[in-house]
Amino acid sequence: MASRFVNENLIGKPGSRAAIATPALVIDLDAFERNIATMAEHCRRNGLSLRPHAKTHKSAAIAKAQLAAGAIGQCCAKLGEAEAMGEGGIESIVITSPVVTAQGIARLMALNAKISDLIVAVDNPENARALDAAARAAGKPLKVLADLDPGLHRTGAQPGEAVLALGEFAHKAQGLTLRGLQCYAGHVMHIEAFADRREQSLVAMKLLGETRDAFRARGLPTDIVSGGGTGSFDIDPEAKVLTELQGGSYVFMDKQYNDVHGGNGATMPFATSLFVQMSVVSNNTKGLATTDAGFKAFSTDAEPPVLAAGAPEGAKYFFFGDEQGGIALPGGGSLPLGAQLTAVTPHCDPTVNLYDCYHVVRGDTLIDIWPIEARGKSA
């Protein structure tokens, strides 16, 4: 029987990283494990639960590694991701985006019947009524969080009476169990300067804290107050509002997050653990090499990838086509055919969604291959 993954025969062989068929998505296991431990310890130290976002990794193996380090569950951006995590054995999931279509709500009820702790964010009374009716018909209440708009206007009920009325309906509805609030200020996560990011993140936390207090004044549950992310992981705890942190990209890091500064200009305490490995496939032009990793190998919503290894100092990657990437080499240099290069992803989440699996390496050895079960689960 053919191997499921083309590089499976290399697992465990010394030096096997250099033989991986490319382009390939590679996890440096040492950096990955340190990132998981660092975030877990940060949350323990600050009295927060950690519910990492699976939209970053889309992998049951990674979710289980986070749970083993102390995470209480996973967040999923889409229903399809949650279904994949449920199939992979993850029992506690928060779906952070609304599920509104009739087909989606039917699938949501099926997932609610299968796993022990499913929670979904809701931001609209019409959606809440549909979820209530479906859950009553299915015979199992659905846990919900009232989603608060922090000013991004992407999702979330408006602060004040709108979110309070939503919470009151959910609390009284027979088919729903209100657990609390969600608020994710995605617009602040990539503000590079720490002081500016801190100021804007704490504005969102203040709004969330005021909403939490208003919920409590009306007798509404607030045992879960969920939000925050990698960009604000070291800011939000000082507001003492969140009960759980939703950070996701910390496990991998990428060009965008590597540009974000910590306090006093320090770098984030998370190392880059995710790379795309590629090979030189043509070198006929002086000062130029062509690799096998183009638009289809990286997300293209941000800057080009940054070369991490395999090329001389000053070399730069540029997109050269769907299948190819170019390497501009300083001083008219060259790279041999088959030379292996690695690059930091511009934006890790959408890059991961382009691949079927992770190649997990420790040093120069391929240790394992992890499937990306939720890849492409956009519905």
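As the structure is a computational prediction, the values presented were derived from the model and not from experiment.
Sorted by first and then second residue, the pairs that involve residues 322-366 and meet ring-ring contact (aromatic ring centres under 6.0 Å, His included), not counting sequence neighbours, are Phe252-Tyr358. Applying the salt bridge (charged side-chain N to carboxylate O under 4.0 Å, His left out) rule to pairs touching residues 304-333 yields Lys296-Glu323, sequence neighbours excluded. Residue pairs satisfying the salt bridge (charged side-chain N to carboxylate O under 4.0 Å, His left out) criterion with at least one member in residues 191-205, sequence neighbours excluded, are listed as follows: Arg198-Glu238. Counting only residues at least two apart or in different chains, side chain to side chain donor-acceptor pair (under 3.5 Å) contacts with residues 368-377 comprise Asp356-Arg375, Asp368-Trp370.
Residues Leu288, Phe318 make up the rest of the hydrophobic cluster containing Phe320, defined by ILVMFWY side-chain heavy atoms closer than 4.5 Å, directly or through other members. Chaining together hydrophobic side chains whose heavy atoms lie under 4.5 Å apart leaves Val281 on its own.
Checked by atom type and distance alone, the side chain of Lys140 pairs as donor or acceptor with a backbone atom of Asn112 at under 3.5 Å. In terms of modelled atom types and a separation under 3.5 Å, the side chain of Thr243 and the main chain of Val225 share a donor-acceptor contact. In terms of modelled atom types and a separation under 3.5 Å, the side chain of Asn283 and the main chain of Leu335 share a donor-acceptor contact. For the pair Asp123 (side chain) and Gly156 (backbone), a donor-acceptor distance under 3.5 Å is present. Side-chain atoms of Asn35 never come within 3.5 Å of backbone atoms of Thr38 as a donor-acceptor pair (strictly under, hydrogens ignored). Distance alone, capped at 3.5 Å, is enough to place a donor-acceptor pair between the Ser16 side chain and the Leu10 backbone. A donor-acceptor pair under 3.5 Å is absent between the side-chain atoms of Thr272 and the main chain of Met253, judged by distance alone. Remark: the backbone N or O of Ser249 is paired with a side-chain donor or acceptor of Thr230 at under 3.5 angstrom.
Residue Ala128 comes nearest to Val122 through the heavy atom pair N-CG2, 3.8 Å, listed as atom of the first residue, atom of the second, then distance. Across Ala374 and Asn353, no two heavy atoms sit closer than the pair O-OD1, 4.3 Å. Residues Val344 and Lys255 approach most closely at CG1-N, 3.8 Å, considering heavy atoms. The two atoms that bring Cys348 and Asp254 nearest to each other are N-OD2, 2.8 Å, heavy atoms only. Minimum heavy-atom separation, Gln66 to Pro52: NE2-CB, 3.4 Å. Contact between Leu79 and Gly104 at its shortest, heavy atoms only, is CD2-O, 3.3 Å.
Counting heavy-atom neighbours within 6.0 Å of Arg154 CZ, excluding the residue itself, gives a total of 12 or less. Surrounding CD of Glu41 are more than 12 heavy atoms belonging to other residues, nucleotides or ligands, all under 6.0 Å away.
Annotation: side-chain hydrogen bond (donor to acceptor under 3.5 Å, both in side chains) contacts of Asn46 (sequence neighbours excluded): His42. With sequence neighbours excluded, the residues forming a side chain to side chain contact (heavy atoms under 4.5 Å, CB included) with Pro346 are Phe298, Ser299, Ala302, Pro305, Thr351, listed by chain and number. Considering only residues two or more places apart in sequence or on other chains, Arg136 meets the side-chain hydrogen bond (donor to acceptor under 3.5 Å, both in side chains) condition with Asp132. Applying the side chain to side chain contact (heavy atoms under 4.5 Å, CB included) criterion to Ala21, with sequence neighbours excluded, gives Val6, Asn7.
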Can I get a per-line list of side-chain donor-acceptor pairs under 3.5 Å for residues 201-219, giving both atom names and the distance, sequence neighbours left out?
residue	atom	partner	partner atom	Å
Ser201	OG	Asp236	OD1	2.5
Lys206	NZ	Glu210	OE2	2.5
Thr211	OG1	Leu207	O	2.9
Arg212	NH1	Lys240	O	3.3
Arg216	NE	Thr222	OG1	2.9
Arg218	NH1	Glu168	OE2	3.3
Arg218	NH2	Glu161	OE1	3.4
Arg218	NH2	Glu161	OE2	2.5

Show me the side-chain donor-acceptor pairs of residues 181-190 shorter than 3.5 Å, one per line, residues at least two apart or across chains.
residue	atom	partner	partner atom	Å
Gln182	OE1	Gln246	NE2	3.3
Gln182	NE2	Thr96	O	3.1
Gln182	NE2	Asp147	OD1	3.1

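Residues Thr22 and Asp292 have side chains that bring a donor and an acceptor to within less than 3.5 angstrom of each other. His57 and Gln74 are linked by a side-chain donor-acceptor pair at a separation below 3.5 angstrom, with hydrogens and angles left out of the test. Between Ser116 and Glu91, the side chains place a donor N or O and an acceptor N or O closer than 3.5 Å (distance only, hydrogens not considered). When only modelled atom types and interatomic distance are considered, Arg34 and Ser273 share no side-chain donor-acceptor pair under 3.5 Å.
Shown are Tyr257, Phe270, Phe233; of these, the ring-ring contact (aromatic ring centres under 6.0 Å, His included) with Tyr250 is made only by Phe270.
With rounding to the nearest 0.5 angstrom, the CG atom of Asp364 is 14.0 Å from the NZ atom of Lys13. Atom-to-atom distance recorded for His171:NE2 and Thr177:OG1 is 10.0 Å, nearest 0.5 angstrom. Separating the OG atom in Ser92 from the CG atom in Asp117 is a distance of 3.5 Å, to the nearest 0.5 Å.
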